[in-house]
Every structure is written in C-alpha cells, then in structure tokens.
Amino acid sequence: MASELEPEVQAIDRSLLECSAEEIAGKWLQATDLTREVYQHLAHYVPKIYCRGPNPFPQKEDMLAQHVLLGPMEWYLCGEDPAFGFPKLEQANKPSHLCGRVFKVGEPTYSCRDCAVDPTCVLCMECFLGSIHRDHRYRMTTSGGGGFCDCGDTEAWKEGPYCQKHELNTSEIEEEEDPLVHLSEDVIARTYNIFAITFRYAVEILTWEKESELPADLEMVEKSDTYYCMLFNDEVHTYEQVIYTLQKAVNCTQKEAIGFATTVDRDGRRSVRYGDFQYCEQAKSVIVRNTSRQTKPLKVQVMHSSIVAHQNFGLKLLSWLGSIIGYSDGLRRILCQVGLQEGPDGENSSLVDRLMLSDSKLWKGARSVYHQLFMSSLLMDLKYKKLFAVRFAKNYERLQSDYVTDDHDREFSVADLSVQIFTVPSLARMLITEENLMSIIIKTFMDHLRHRDAQGRFQFERYTALQAFKFRRVQSLILDLKYVLISKPTEWSDELRQKFLEGFDAFLELLKCMQGMDPITRQVGQHIEMEPEWEAAFTLQMKLTHVISMMQDWCASDEKVLIEAYKKCLAVLMQCHGGYTDGEQPITLSICGHSVETIRYCVSQEKVSIHLPVSRLLAGLHVLLSKSEVAYKFPELLPLSELSPPMLIEHPLRCLVLCAQVHAGMWRRNGFSLVNQIYYYHNVKCRREMFDKDVVMLQTGVSMMDPNHFLMIMLSRFELYQIFSTPDYGKRFSSEITHKDVVQQNNTLIEEMLYLIIMLVGERFSPGVGQVNATDEIKREIIHQLSIKPMAHSELVKSLPEDENKETGMESVIEAVAHFKKPGLTGRGMYELKPECAKEFNLYFYHFSRAEQSKAEEAQRKLKRQNREDTALPPPVLPPFCPLFASLVNILQSDVMLCIMGTILQWAVEHNGYAWSESMLQRVLHLIGMALQEEKQHLENVTEEHVVTFTFTQKISKPGEAPKNSPSILAMLETLQNAPYLEVHKDMIRWILKTFNAVKKMRESSPTSPVAETEGTIMEESSRDKDKAERKRKAEIARLRREKIMAQMSEMQRHFIDENKELFQQTLELDASTSAVLDHSPVASDMTLTALGPAQTQVPEQRQFVTCILCQEEQEVKVESRAMVLAAFVQRSTVLSKNRSKFIQDPEKYDPLFMHPDLSCGTHTSSCGHIMHAHCWQRYFDSVQAKEQRRQQRLRLHTSYDVENGEFLCPLCECLSNTVIPLLLPPRNIFNKLNFSDQPNLTQWIRTISQQIKALQFLRKEESTPNNASTKNSENVDELQLPEGFRPDFRPKIPYSESIKEMLTTFGTATYKVGLKVHPNEEDPRVPIMCWGSCAYTIQSIERILSDEDKPLFGPLPCRLDDCLRSLTRFAAAHWTVASVSVVQGHFCKLFASLVPNDSHEELPCILDIDMFHLLVGLVLAFPALQCQDFSGISLGTGDLHIFHLVTMAHIIQILLTSCTEENGMDQENPPCEEESAVLALYKTLHQYTGSALKEIPSGWHLWRSVRAGIMPFLKCSALFFHYLNGVPSPPDIQVPGTSHFEHLCSYLSLPNNLICLFQENSEIMNSLIESWCRNSEVKRYLEGERDAIRYPRESNKLINLPEDYSSLINQASNFSCPKSGGDKSRAPTLCLVCGSLLCSQSYCCQTELEGEDVGACTAHTYSCGSGVGIFLRVRECQVLFLAGKTKGCFYSPPYLDDYGETDQGLRRGNPLHLCKERFKKIQKLWHQHSVTEEIGHAQEANQTLVGIDWQHL
Ligand SMILES: [Zn+2]
Ligand SMILES: [Zn+2]
Ligand SMILES: [Zn+2]
Ligand SMILES: [Zn+2]
Ligand SMILES: [Zn+2]
Ligand SMILES: [Zn+2]
Ligand SMILES: [Zn+2]
C-alpha cells in the first residue's frame, strides 16, 4: 500500500514546494475575512502535508508545514521577512527576569533550604550555579518532567531571587509596565489577528470529538477516504498486554508492536493501522475484544485521516505559538489576551477555559503540548497569571472531578498546575479572599468522599476498588490545600480573616467526619474473622497531618483568628461529644476522702476510636493560647467557662487506655490491623497530631481540675479503680487463685498508667505547655535518639518529625548536642551524643518505643558504669510549665497519687505476698524522683513573698493515718534500699534518699519553711541517717572493689582482641597485611638466587602437607597420591584490554594461540585458597547439583550460582567457584633429567630445535597424507635424517596418579569452556593453549595490581593469591602430560616459528602483534613435549633460558620499534653509559633493517630509559612465572618496596644488567632474526603510519573519571536520549564505569537479542565491553550496578557521599553529593582484582531478594 502511494506523495510535494509564504501572507493582508482565508488555506493544505501514510514522517511534515503553513503566518505577523522581523522584535524586547525553563524528565533541580519559600520553589542547574544559593544548604532532585525554574520570581525566594543571568539591571525599574509599548500598532493588530485565528483553530480541532467529520469550515471538496485505527494510552493495561494484543490485532511483528506500545505510552496515542474504514474497524474490534476481559478495554478509535492531520497540525501550531512568544514579552501578552478573552458563549468560553475543561478527554501528547504553552505564556506574564489563577480557581471543582475520573497520572492533568499557582503567596491569598479557595478545595474534597456511616463519619469499610482508586486521586486535593496554606500571612485583612475562618469552618466539618471514625470493639472469645480496613483512615490522617499543623500556624499568627478558631473548634467538639454522658449511669468514685462523679465506661467493652482530630486540634489551639498569652490578656473573650475538663479528657484518655490494653495483650483477638493502628498512632509520621496532642489534652484537663479527681477517673478508665480503692485488694487479688494472665494484665496496666502520669508531668517541651522554645524541643528529641545509639544523619532525620517544608530543624541544634564522626571506607558518618547531654536523658521519654526504651536504658547504664558512676537514671531537671498548665505539678503530691505510690511500695516491701513487678516499682521511683526535682526547683526559685506550696518531702515523711497505719513512703524506701531482690534499683533508691536530704536541708534553710514536722520523725531519721551512712560506706567499698575487678577483666579482653585482630578481620581482603608464609626454604641472604636456566638455584625438595576442608584429613602433596584441589573461579576478562571494540566473534573458529598485545580478551583464574580432596569435592559438588535440581523443579528459583554451568560455592567461605585446580609439586623437577655440563649456546640451540621441528613437520605431513600405508610411512621415517638423539616416537611415562590426571583434565576443560565460551571438549587442541593463556593472563593482572599500588613484586601476598598462582603455574606446566604430545608439539612449533621463521608457517602475526609474555609462557610450557623426545643431552633448563632470552630480545625490538620519540626536554647529565651506547647501536641496526623508516633518535639515554621502562612489566611477570614454576625463592631485595629493582630482577632471571649484551653475544643469529622481523609488511605499514601498534609499557586501565559534583552527572544524563527511539529521554540512563558509555537501561526500546534472549542495554553492553562483567552507575538512582552474565547482579554502594558521610541510593534525600575518591578506588580495585563476580555472589547469598531480580533486563 505504501509503495502505491509513493509517486502521488511526491507529486504533491512539488505543488507544495511551489507555495510562496510571502505571496500567501500578502493575500492575507488584503483579505476582508481573514479567518475564512486562513481556514481555507489550512483546509486545503493540512491534509496534503500530514497523514499521508501508515507511518508519520515527522521531518518531512515539519519541513512542509513550516514552508506552506507557518511561513505565511510568520510573514503576516512580521509584515516582512521573518528572518528580519523576529530579530527586530527580539531587540526591542526587554528581557524577562523570569527564567521559566520547563524541566525535562530527569533534569536536576535545586531548592535552597535556607531561602526557598517552600520546597516546590526550584532552580534549573544553570540558574542555581549562578545564584547565591549554591553556597547555602540546598537540596537536589531530579525532575519528573513538567514544572519550571522559579528563578526571578521574587515571591519564591526569601533571598537571592535572581541568578546572575536574570539579575535585575539596577537602572531598570521593574514596574508593571505594559510590554505592548515596545510594539508598533501594526504589529499588535496583526499579531492579534493571527494569534486569535490559529489559537482558535488549534483548540477547535483538538477538542473535536467526531471521528469522521471535520468542522464545517475545514471540510474539503475532494476528500480521499482513508482512516486510521488509533490506539490510545491508558494506565490500566500493561506494556505486555498491549504488545500481545497488537500482534494479534494488526498482525505485526513483536518489534513493531513494541514500537507502537512505546509511542502510545509516550504520546498517548498512535495509529496502528491505516486504510479504509472496514479495515481499521476490524482491527479495532479485535483489540477491544482482546482487552475487555479483565478490565475496561483499551481505547481505540477509527478516525478519518484528515481529522488526524488537522489535529497533528493543531499541536504543531501550539508549539509554534510557544516559540513565537519567546521573541517578545509583547507577543506573549497578546497571546494571553487572546487565550483568556471570553467567547460569544459567555462563562467558560475562552480558549483557555475550553482547553482546561476538555483536558481529561485529550490524549497525553496533546495535554503536555498545551500545558507547556500555558506555562510559557500565562504563567510567565505577571498580569495574566492572576487572571488565569482566577479562571483556574473558578473551574477548580470541575477540573478536579475530571481528574478524579480520568485514569492518567496527575502529572498529565491540568489539575497539576495548581502547584504553580497556589504556591505563589500573593495569588494564594488573593484566591482565598476573592474566590474563597480554601472552602472550595475542602468542599470539593468532601464531595468526593460520600461514603459515611450513620453518625455522618467517613466510612472506608467495604470499599470497592473503584472507590479506593478515587480515594487515592482525591488525596491530591489535600496537597492543594497544603500549597494554599504553605506561606503564612504576615498581615491579616478583615476579608482574609473572614475567608480563612470560613475555610476553617469547612475544615472542621471535614475533621468532624473523621472524629470517631473506624470505631473498634474488643473481640472476646473468638478471633476476628476478617482484618478490618484501617489504612484508608490512616492515610487520610497522615495526609492531613501537615495541613492540621499549618492551620494552627495560621491561627497562631493572629490573635483574633486564634480566639475565633478556638471557639469554633470547641463548639464542634461539643457537637461531637456533647452528649457523652447520655444514657450512662453516673457513678461515684472515692479514694482518700476525695470523691468524684463520672460515667460507667469500659474501653474493653465498648466502642472506641483512635481518630479524634477535633479534640486534638483543640488541644493544639489551647497550647497556642497558652503560648501567645491571649488567655491572660483577654480571658473574657474565651469560652473558658464552657470548658468541661472531664469532657475534654474523656476521649483522648480512652484512646491512651486502648493503647495500654493492647500492650497488655487484652486485644489480641482483634488482629493485626489494630496493632498497626497503634503503631502509626505513635509513629513519627502521625504522632504530632495524634499521640502528642492526646497527651496535651490530658495535661490541659488535669491543669483545670482537681488532680485527685483526675486520677480517680483515670484509674477507673484503666479499670484499676478496684485495686487501689480497696485496701488490701492487691493481697486478696494475688492470694486468690486468679488466672495468671489476669495478674500479668493488671500489672501491665498499672505500669502503663504510671508511665502516663510520668508523661503528663514530664512532657513540657512543647512551646506553650512548658516555658521552652522550638529549639529546646528538637534538642530533646535528638538527645533521646542518640541516647539509644550513635546514628547517621539520615537515620536521625527519619526519627524526627518533619514539617511541611521537610525540615526537622535538626541542623540548628545538632552541633550543640552531638559530635560527628566521619565514615571510613565503608559505613556512614555518625553522630554521637556529647557526654554532658547525658544528664538530660529521661528514661520515660514519651517518643521511645518499648524496644528503644530498653536499648536506651541499657546504653545509658553501660555508659555510667564505664564512667565509674552509679547506675541510677534519675529524672532530669525539667523546665517550668507555662502558667496555664502550672497547676499540673500538683498531681505529684495529690493524695490519690501518694496513695498509689504507697500501695505499690508496700507491695514491694512485702514482696512475696503481692502480684507486683519491678517495672512498676521503677516507675514509682521515677515519679518520686520527679517530685523531688520539682520541689528542689521550687525552693531554688522561691521569692520572698511566695510560699512554696509544693511540699512533697513532708508528705512522704508522714506515716499513713489510722486505721491503715502504714509506714511512710520514705520509710518504705529505706527498707527497700537493702532488699536483696532489688539490686538493680538500689542506686536509684540511694539517689532518691540523697536528694530527699538535700531538699530537706534547703527547706530548713529557707525562711518560708513551714514547721510541720514532728520531733519524733526527726529523731528517728537522724539515727537512721547514721546507720545509713555506715551501710553506705560499706556498700561503697564493695562496689569499688567490684568495679576494679570488672575493669581488669575488660582490659584483658581488649588486649586479647588487639593482639588477635587478624582473626577478627576478613582474611579474604587482598590488602590484608597478613601474608603467606614466605618461601619455606631457608636461604642465606647473601646467596644469589637464579630462577631458571642451567644455573638455577637448586632448592631442597619441600614436603607439603595440607588438610582437606571437607573431611579434615591431612595429606601430603605427592605425585602419586590422591589429588588435592583448590576451589577456583575461571572467568573471561577484559580488565587489561586496550581495545574494547574487539571480542571473539566465532568462538568455534577462534584461534587463541597468539595473544595480541592489546590483551583484548583474557581468561582469569582466581581462588579462595581452600583445599579439598578431589573426591571429597566431587561428592560435595554432586550433592549440590542434585539439591539444586530438586529445588529448581520445585520453586523455579534462581540461585546465586549456576549449577548447570559447573558453579558452586566454596564449602568453607561460600566464595563463588566454577572449577578446581589440582595442587602439584614443581613439575619441572619430575622431568628434569641429569644436568649436563656442556650445553649449547643460543645459536646452537636454535639450530638444533629448528632441525627437530623440521623432522616433526616432515613426519606430520607423512601422517596426514592420505592413502599411505603404514609400511610406507615407516620407510619414509627411515629416509628422514633424524637429528642426533631425537626420538619422535618416544612417549614419556606420566608419573601422576589417575586422580591427579583427572583433575588436570577437569581444570583444563573448564578453562577452555569458560575462556572460549564453548561446549567442553577435552580433546580440543586449544585446551592446552587456554591453560597457558590463563596462567599468563592471571600473572599479568596481578603484576598490574602490584605495580599500581606500588607494592613490591615479592612482598607479602595474601595466601589465597600465592596459592592460586603457584597451583595455576604448576598446573599449566603439567597440563601437557594429559594432552596429546603431537598437539602440544604443534603449538610449540608454531609459537617458535613466530620468532624463528620457518617455511611451513606463513600466516603468523608480526612481532608487533604478539604479547611476548603470553608467548614466553606458551613456549616454556610447551617445550617439555619436544624436549622429552630429545636425548641429545640438552637440558630443560637450557631450553627455558634460551627461550626466555630469545623472547626478551624480541620484546626489546618490539619496544624499540614502537618507542615514543617524543623528546621530553630532559637532557642527560652524565656521559653516556655502556647501555646507552649499546642501545643506540642496536637502534641503528634496526634503522638500517627497516629501510630507514624508523625515526632517528639522537639520544641513547632516552632509548635506554624507554627500554628499561617498557620491559619492566615483562620482567616482573617473568620473575613471578619462573618463581612459581621452579620454586626458587625470591631474592629478599624484591620483597620490600623500593624503586625499580631492575638489577635484582635481571640477576634473578639470569639476564645481564645490560640487556643489549644479549644481542651482542648472539649477534650471529640475532642479526638475521631481527632482519626477518623487520621485513614483515605489517612492521613496514606501522612505521609508515598506516596502522597503529601497542606501545610499552602498557598503561593500566582505570575506571572513567567521575565528576566531583554528582549533579553534573545528572545533568549529563538528562541530556542523554535513547539512541533507538528518536530523541526520547531515557528513563534509566546508566553509565558504564569501564568505558564511559551512557546506556538506556531497563527499557523496552533498547532491548536487544543476545544468544536468543532479549536483554537490556546494560547486559548487552557487558558482553562487548567487559566480556560479560559490567560495572555501571545508574545515574537517576545514584547506585552502582554490578552485572555478571545474564542472571547475576547486585547493587553496590555508590562512591558519592553527602556532607554527613552517607550515600543516597535512590536520591531520596537530595543532599548535595560529592565524589569519595577512596570509595571509587575501592570499586576500581574490585574490578582490577576480578572480584566483581565474587562480590555479586556474596551479595546474593546475603540477600536472597537480589536473586529474583531479572538482571538481564537492566
Ligand atoms: Zn532557570
Ligand atoms: Zn536564573
Ligand atoms: Zn539560599
Ligand atoms: Zn577430604
Ligand atoms: Zn573458600
Ligand atoms: Zn563499557
Ligand atoms: Zn532506549
């Protein structure tokens, strides 16, 4: 179909291109009916440009639209060529002071915590960097898209509203100047015309609802009937559903379906089929049918193509308008006028109104286009912003209702613009006074929550899914209310008062519907059947918390408002509970001669509710009255007389009793919903407007009534009245065989009640309750949090309540109460409580949970013990109450209180007779302590004329009156002091008695002391004092002795830990200083050690005994014994790669024999160093395998290791492993024959070897020639002149036991399988190559790590590394014994031929393309296969030495050929040394052989320096290699850090210090070899600059450089768009830390197929960049991601820390983040050490949820 259309489309193009914008505009200027002209033009051309086929061509359409449609409009507007017209407009324009930049998704935004009026005020990065706020406390977030920069908005910032760029020019006065004055009349008129027409056109067509009919004035004469089947976005169906449905409905591939789905998700709609009506209709019905099963079907419309065309152009027009008004404020003003002008239909007929009101009917793409236009026009113009705000407020109810039923997220709704309008303080206030916005919002909200119970309260029980959905949406209205209230008025007008109070009324109505909602009744007998719905009510409460607080703040700012609000609130509360006594029997309670009337009510039997927002609001207002002193100034204005304290306290008290009963286990059968509610009631998110206010309300009540009455009511509500009112009730109670549970229950209730009294008296840190300020309050919170344990900043923030600006106020006080301890390499920075603050610790702090309380108690007692203090935790000294609450303290000395205390003490004294608890006693002691502190305070602050009425000390000294005749409280305390069963409380009792005496002394010296005490008691006490003092002295001595012993013991413990630190540390860390026991052999330090060659230092054979970690049996490592193996992990690696674009294309055909010097893909082996018997390991592995298979069948779960791939965890340390390496003795010693004295020199040796090779090749050819009978074959052998002593048919005997041989094959095959990613095949000739390669690569990577860290080559290596290298080298050396001799010989011949040319090998790499160390390892390890057949007397050692020398020389030539010729300007100081002239001579030879292509180098000094530097890594690797191969100990010099050790290395490796001597000594053969190397065409090409080559030394690879400031990374990522879906912003931009690529992760658009599976961009990238292993930074999340293969991954903590030493994974807190270099180095080290996979393994073992993540989709 598309191809048929093609020619037609082109024809149209021509006619379109011939249009002249200027001519059309000219015609328009003449027109009498401009609207008609323009509409005709559009009617004719739009369908010719847009929607010409099944797929849009955006570029072509845009080009044509600009030319034919927009061009004429621009000409018309300017009256001239817009290329001149627009710049003129721009020049005349006064630049705006508003930035207004609209944020892209993911763009960083900044808010200043010091200056932003509210947290919604944000800056773009550019403005932020140019503002004063960059030095303030700021917060950084990533934008979700939408919203704009507030730079320049003076209402948004308390200070510094402008950045440098938008700074006011001081000469200009920013006035409400009409921007139109800068425009000429003509331009104004024309702009007005064209804007009016185009804007109306766009609005009309976008809101057009007919599917196949155009508006009359756009209807065309000739109309082609093509249609689109248009699929719309919804938030109900998933991507997968849509993709699946589309494949079925329109018969497309999965890829196309994904494309459609992606566009639908992004733009809100996409045509999925193009053609005639029937054709489209058919697709529609399939889609609808397929998606209607579960929910409502996907929205699909069959639309006429010309409608779609006009709509597309309508959108284009809106964007065009947005960009045109950017030229001039004047144009913008005109557009605003046009938009807001009322149409002919009156109310709501302006274009802006029409758009807003059809918002929910528009698709996503259309919405976001016009929202952006609103933001850049209406919201940028100060005058029209107001007018628009009014329109918005007038339509508010409709818009919100539309939004509630719309299924798009709020960010796509016009309702979301509320944040831009309501947060502007002047607008908010205007809308409140003029549009009554507060009431509107609240009423709209209430309208949407219609579900009520019989009492008119909200009811969420039996909520339908739809209602729940609606409820979620309606919550955004609360957010709007918050925005309106966010800035408190500084001045009140009468209108504002009136409207605010009207709003307050509405708010009270709302709270009234919540007062008492979700009531519960205690379940007895049976457990509840269904957990009742409770979350909705709490969500509501939680969302309203800040609003309630803000309402109070508003009230507090004006006395008149406060008084009125108080009255209103009280009135509503009385409506709610006025009749609380109705129908209840009044009862009378009496204790100690006091009596009170109350009702009979039991929390445990009747309905009770946690939701009491009206009571709590009243409590809040009451505190404000107290604080502002209104109550004392205008008591006549207050309804204080109407207050009924028993009514006030009733419901809060019930709620607190409910908590106590739940705690006492009385509500167990009510299930978890109740437990959760109680939890949230106390939780930091809710408590401020729940629990805290209930305590305040009780405090209010007590301060207004007789405390005795209060206590009796309280006892009654706690259902404890009987116990305390009846003398000896307790005794009877326990002696009866009461149910144990009931005793326990009552004890808990008593404890809870005492706790509540402690809180009522002690909690006076809210300003208004006590004489404190807000800082004191927050300080106290922090002190108590830190009393539990030291905390990180974020932890502390989480435990503190946040205000509506998300501030806790912590920063202002933290310095005063805590020390900051910086974090180390891991962990976080911590705040520790300053010791001097410990005295403010209150054990019964009301915000402690039970667990926190006991932790804090323990911590504080421990601290005291450490300081050698007594362990009493007495109540702290408290600030005085505010006058309104002052009488509250009398509760402590009230008769009922004393009775309660006395009773409990009595129980404790007669401890066996009663059911009592230590907690109970502890609380009583605390209360007594509080009373004593109180009295002390009173006495200290007493003034002459006042009498201290607080006489607690006197009251507790009095014994009980007849008939009880109980001893005084004081006497009982003294008795208890010596009670052996109260050891823990002794210090506290002692403290009480001490304080009692102090207070008594103060009182005696005080002039106002009333003389009430009787002689007798004084006498009694003085004698008692003496007694007491003596006892005390003895106790003190005993205590000191005890403490001394304790101190000694802990000292000893500390020593033990210090000395055995290593034991307590991770032994696996590479940098752990503990090392392998250095070489076992005792070597004299003055001996020269030689690692190889005939002169190799002979080491006495060491016997090695090892223990199997599985069976614990010890065994010696021997050739013929059972194999011992190390757990090992083989992986492919690109860590050393110098060319990441290279990877193995076809592993089946890949030839790994020569490693390229770019080291692009190596095989790395590591081990945890744990040793097992081979058979023990095999048994273990089989059982793991069997277990996993069962588990997978059952659970279909992944594990952290892939058994099918041979993976397992080390049975000891759980380190990820995939094979085992056998432990071997130095294999050379086994095959080394006698040492002959007469050994050939290099030249002779090369000749001999070449002959042997020739012979072998001849034989090989014979064998492979077909049709050769074996007889003939042997004839030929005879023909062949075999070199002397060479016996190619000889097969050496392999000394290894079967078990060792098996393990040699096992590890070899594993290396081959993993290294090449092929199926295991032990016969493959590449197996030995892979083994040698892994050995070489692993040594190279360790050499790199050591060099990078400046560690000595043979310094202390961790055991696991040492063991791994030794076993790996020895294994690689022994592997040939299980391979085919001829295969290994073949490899040797080929390797050898790369240096010593040979006719039969032609296609060998040139020496520039060979990694010499790999070559060396290959040659040395393959050599025995040849040497074993040589009986001419050449020893293995001689061969090693010559091979080594030969390769070293080749490497020197390599270095010289590639050496950098840069002169670094440093001149040599000394005359040339021997090496320098030698190297210069060699260079000259090279120069000659290369035909002078090599650059001249004047200085031998430079050359020698570069040779030395270039060859060092090779020498170091060789030293490691021969050390482990031959077991010669390392010279002590190389064991310590220091400079290069060049000479030591040379001597250890049997090399002359002047390496060039090697060439001179062997010039005979070397000259011809060098010549042959240089002749290679590749070398020529390189020298002529046609290709590149690796230079030496190779630099170590590093992870990419990260910026210091994290936000620049975010910014970089926000500019990154998905490479596959044309300019779309990527949702999860992810940075590869290895190569710096940015990827579009975790998204359908960038999935690719890898080995037959769809994988995300990251996984795909790891395969090319890191051969399966990847290290990424997820930029939006600030999270490091490790990936290995398709199934493994973990998150790792990012190297960015905030100022508090914490990471911010997920960027939730938004504190500025800075690079922590040490942590980044640690990640780099993990990478260098090849430990990423191991790290993932450990993380997944530790956290099983990581296993379930679909890592391959990232
Ligand atoms: Zn800005
Ligand atoms: Zn700015
Ligand atoms: Zn600031
Ligand atoms: Zn064993
Ligand atoms: Zn292990
Ligand atoms: Zn990469
Ligand atoms: Zn993408």
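We number each residue from 1, following the sequence as shown. Remember, it's 1-based here, ligands and their atoms both numbered in the order they're listed. Computed from a predicted structure; not experimentally measured.
Residue contacts to the Zn ion (ligand 2): Cys127 brings an N, O or S atom closer than 2.8 Å. The distance from the Zn ion (ligand 1) to the nearest N/O/S atom of Cys151 is not under 2.8 Å. Backbone or side-chain N, O or S atoms of His166 reach the Zn ion (ligand 2) at under 2.8 Å. Residue contact annotation: Cys124 places no N/O/S atom under 2.8 Å from the Zn ion (ligand 2). Counting backbone and side-chain atoms alike, Cys163 contributes no N/O/S atom closer than 2.8 Å to the Zn ion (ligand 1).
Aromatic ring orientation, Phe388 versus Phe392: tilted (interplanar angle from 30° to 60°). Taking the six-membered ring for Trp and thresholds of 30 and 60 degrees, Phe86 and Tyr327 have nearly parallel ring planes, at less than 30 degrees apart.
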Margin query: Quick one, Leu379 with Leu417, criterion side-chain contact (heavy atoms from CB on, under 4.5 Å). Give me CA distance, side-chain angles, the key distance, then yes/no.
Written below: CA-CA 10 Å; Leu379 294 178; Leu417 285 182; 4.3 Å; yes
Next item on the list: Quick one: do Glu811 and Arg113 satisfy salt bridge (charged side-chain N to carboxylate O under 4.0 Å, His left out)? Show the steps, please.
Entry: CA-CA 11 Å; Glu811 258 118 309; Arg113 292 168 63 195; 3.0 Å; yes
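For the 3.5 Å distance criterion, the side chains of Arg139 and Thr109 fail to qualify, holding no donor opposite an acceptor.
Among Glu1113, Glu1298, Glu1116, the one residue that satisfies the salt bridge (charged side-chain N to carboxylate O under 4.0 Å, His left out) test with Arg1122 is Glu1113.
Listing protein N, O or S atoms at distances below 2.8 Å from the Zn ion (ligand 4), with waters left out, gives Cys1108 SG, Cys1111 SG, His1173 ND1, Cys1176 SG.
Residues passing the side-chain contact (heavy atoms from CB on, under 4.5 Å) test with Ala1374 are Leu1224, Pro1227, Tyr1296, Leu1304, sequence neighbours excluded.
Between Cys1215 and Leu1209 the shortest side-chain heavy-atom distance does not fall below 4.5 Å.
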